[in-house]
Amino acid sequence: THMLFLFHTPVSTAYAMTRLKSTFAMAGARVTGAMSGVHFGFIDLEGRTSGDVPPGLGGVHRIPWRGRSLSPEGRETLQGAVRDHGIRTVVGFDLPPGSPVHGTARAAGAGHVVSYLGAPMSSLNSGLRLFLKRVEIRLRAEVADRYVFESEAMRETGVRGRGIPAERTVVVPLGVDLERFHPATGPRALPVDLGIPEDRVVVVFSGHMERRKGVWVLVNAIQYLVEELGDHRFHLLVCGNEGDQAAPYLSQLEGGEAQRHVTFAGYRKDMAEIMRNAHVGAIASTGWDSFTASSVEMMASGLPLLVSDLQGLSETVEDGVSGYLFPPGDHKAMSRRLADLANDRALLESMGTAARRRAERHFGEALHVERLAAALSFGSP
């Protein structure tokens, strides 16, 4: 039995997708019985390096798309891959109901189609509108057999947004490599090239820089603490900026005391080292966000989490135990929580311990693979 994971991205990806590819491969190998039973398909293989796909796959295929739909060449290539390799399950990344992948794969002999959702499907609906969405789904022929979501909030966007039957859905939270991401075993010491004074309480953010991610909230919080309250203990470390993405924030900080308390570090390959040597992890999203990869990495690194109280993001933290929730966009509320942690080092350490314990119990990589394999398994074809 072979399984094909289909991505509407080029083969070369970064951040969370890179980790997911490895998890997909391991889960697929558990279902098929061997890594050679797992195939990946991408819209483009140009620029592929040895690290872009896990080793030992049964095949890596170029399957062209046109937007979120398969091109004519893509349909033909997908069907050929399914037939030629005896693929029985096709797993598509972010496949919506009605995707041409469903019918194309089934027509070529695939017994099951799964949609893995890394993003929300819809805003929520109710009443007549939700009823009509449910009717639409019941009448569609091209619907996946199963929809896998990364959080309960994301599943809700499928069930209460698009009308997908709840029995076709499953939640599989992201996992983390607990050996790579772990708490500091000695005195905290950030990489020296960051130039952050040793006596600072370091708040770390790792992720993309679009406005909904709320980096502006983090910057406002540090400005408020340093320049309005005169509290110089904190340092914000932002990782993930590219090009001139930091420019608006640097302009905002220019000339103020807080400028010396914020560092934009770009993309880093040493995030595991950085996280375990920081003090607090923060995700201040103001628009949709869910159970992010950085949140489980921060937990595993023994960092208390400060996260916006919205959608799936609130599922990452036990409020008051492993971190705090605060109202989206409220930099003063976030500042108060930071001060609480800085004023009570025993509390900071106990919350960090609780965060690590939560990661160990619920979000380890091995458990992630196990859960995903169960979601992708339909028994004998």
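None of these values were measured; they are calculated from a predicted model.
- In this structure, Glu167 places its CD atom where more than 12 heavy-atom neighbours from other residues, nucleotides or ligands lie under 6.0 Å away.
- Residue Ser314 comes nearest to Gln311 through the heavy atom pair OG-O, 2.9 Å, listed as atom of the first residue, atom of the second, then distance.
- His279 is not listed as a side-chain neighbour of Phe234, based on a closest heavy-atom distance of 4.5 Å or more.
- Taking each heavy atom of Ile164 and Arg168 in turn, the nearest pair found is CG2-CB, 4.4 Å.
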Handout entry: Derivation and outcome, side chain to side chain contact (heavy atoms under 4.5 Å, CB included), residues Val307 and Met298
Key = CA-CA 11 Å; Val307 301; Met298 292 169 182; over 6 Å; no
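- The 12-atom threshold is not exceeded at CD of Glu76, counting heavy atoms of other residues, nucleotides or ligands nearer than 6.0 Å.
- Of the charged side-chain nitrogens involved, none lies within less than 4.0 Å of a carboxylate oxygen, so that Arg337 and Asp319 do not count as a salt-bridged pair.
- Of all the heavy atoms in Gly175 and Val296, the pair that sits closest is O-CG2, 4.0 Å.
- Arg146 places a side-chain N or O within 3.5 Å of a backbone atom of Ala375 that can act as its donor or acceptor partner.
- Ring geometry, Phe5 versus Phe24: the interplanar angle falls under 30°, so the pair is classed parallel (tilted spans 30 to 60°).
- Side-chain contact between Val215 and Gln245 is absent, with no heavy-atom pair separated by less than 4.5 Å.
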Practice task
Tell me, with the steps shown, if Leu190 and Ile274 meet side chain to side chain contact (heavy atoms under 4.5 Å, CB included).
Solution key: CA-CA 6 Å; Leu190 286 163; Ile274 286 174; 4.2 Å; yes
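- Residue His2 forms a side chain to side chain donor-acceptor pair (under 3.5 Å) with just one option from His85, His39, Arg88, and that option is His39.
- Without hydrogens or angle criteria, Ser22 side chain to Arg19 main chain gives no donor-acceptor distance under 3.5 Å.
- Between Phe378 and Asp145, the closest side-chain pair of non-hydrogen atoms falls below 4.5 Å.
- A cation-pi arrangement is absent between Arg212 and Trp288, since the terminal nitrogen or guanidinium carbon is not both under 6.0 Å from the aromatic centre and inside a 45° cone about the axis.
- A side-chain donor-acceptor contact under 3.5 Å links Thr292 to the backbone of Ser295.
- Around atom CZ of Arg83, more than 12 heavy atoms belonging to other residues, nucleotides or ligands sit under 6.0 Å away.
- Transitive grouping of hydrophobic side chains (ILVMFWY, heavy atoms separated by less than 4.5 Å) keeps Leu303 and Leu341 in distinct clusters.
- Remark: the Thr263 side chain and the His235 side chain contain an N/O donor-acceptor pair separated by less than 3.5 Å.
- Put simply, the side chain of Glu257 never gets that close to the backbone of Glu227: no donor and acceptor are under 3.5 Å apart.
- In this structure, CD on Glu228 lies 8.5 Å from CD on Gln223, to the nearest 0.5 angstrom.
- Side-chain atoms of Glu315 come within 3.5 Å of backbone N or O of Ala153 as a donor-acceptor pair.
- Under a 3.5 Å cut-off, the side chain of Lys21 and the backbone N or O of Val11 do form a donor-acceptor pair.
- Put simply, the side chain of Ser350 gets close to the backbone of Leu347: a donor and an acceptor are under 3.5 Å apart.
- A 4.5 Å side-chain heavy-atom check between Phe93 and Thr9 finds every atom pair outside the cut-off.
- A pairwise comparison of heavy atoms in Trp216 and Gly329 identifies CH2-CA, 4.3 Å as the closest pair.
- Interatomic distance, Leu95 CG to Tyr116 OH, rounded to the nearest 0.5 Å: 13.0 Å.
- Ion pairing between a basic and an acidic side chain is recognised when a charged N comes within 4.0 Å of a carboxylate O; Glu210 and Lys213 show no such pairing.
- Pairing each heavy atom of Leu325 with each of Ser308, the nearest pair is CD2-O, 4.3 Å.
- Looking at heavy atoms from C-beta onward, Tyr147 lies in side-chain contact with Pro97 at the 4.5 angstrom threshold.
- Between Glu136 atom CD and Arg162 atom CZ the span is 7.0 Å, to the nearest 0.5 Å.
- Residues Met351 and Asp340 are not in side-chain contact: their nearest non-hydrogen atoms beyond the backbone lie 4.5 Å or more apart.
- Classification of the Phe40-Phe42 ring pair by plane angle, with boundaries at 30° and 60°, yields perpendicular.
- Arg75 and Thr104 share a side-chain donor-acceptor pair at under 3.5 Å.
- The closest side-chain heavy-atom distance from Leu305 to Ile283 is not below 4.5 Å.
- Checked by atom type and distance alone, the side chain of Arg371 never pairs as donor or acceptor with a backbone atom of Val171 at under 3.5 Å.
- Residues meeting the salt bridge (charged side-chain N to carboxylate O under 4.0 Å, His left out) test with Asp270, sequence neighbours left out: Arg268.
- Between the side chains of Arg134 and Asn125, no donor-acceptor pair of N or O atoms lies under 3.5 Å.
- Partner of Leu313 under the side chain to side chain contact (heavy atoms under 4.5 Å, CB included) criterion, chosen from Leu310, Asp309, Val317: Leu310.
- A salt bridge does not link Glu349 with Arg345: every distance from a Lys NZ or Arg NE/NH1/NH2 to an Asp or Glu carboxylate oxygen is 4.0 Å or more.
- Grouping the Ile, Leu, Val, Met, Phe, Trp and Tyr side chains by contacts below 4.5 angstrom, directly or via other members, places Tyr324 apart from Val204.
- Between the side chain of Ser115 and the backbone N or O of Pro96, no donor-acceptor pair lies under 3.5 Å.
- A side-chain donor-acceptor contact under 3.5 Å links Ser322 to the backbone of Glu318.
- Linking ILVMFWY side-chain heavy atoms closer than 4.5 Å, directly or via other members, places Val135 and Leu124 in two distinct hydrophobic clusters.
- Counting heavy atoms from C-beta on, the side chains of Arg233 and Asn343 come closer than 4.5 Å.
- Pairing each heavy atom of Met275 with each of Ser301, the nearest pair is CB-OG, 3.4 Å.
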Exercise for the section: Take Trp65 and Val101, measure what side chain to side chain contact (heavy atoms under 4.5 Å, CB included) needs, and give me the verdict at the end. Expected result: CA-CA 10 Å; Trp65 289 66; Val101 170; 3.6 Å; yes
Problem - side chain to side chain contact (heavy atoms under 4.5 Å, CB included) between Leu225 and His261, worked out - result: CA-CA 10 Å; Leu225 284 164; His261 292 257; over 6 Å; no
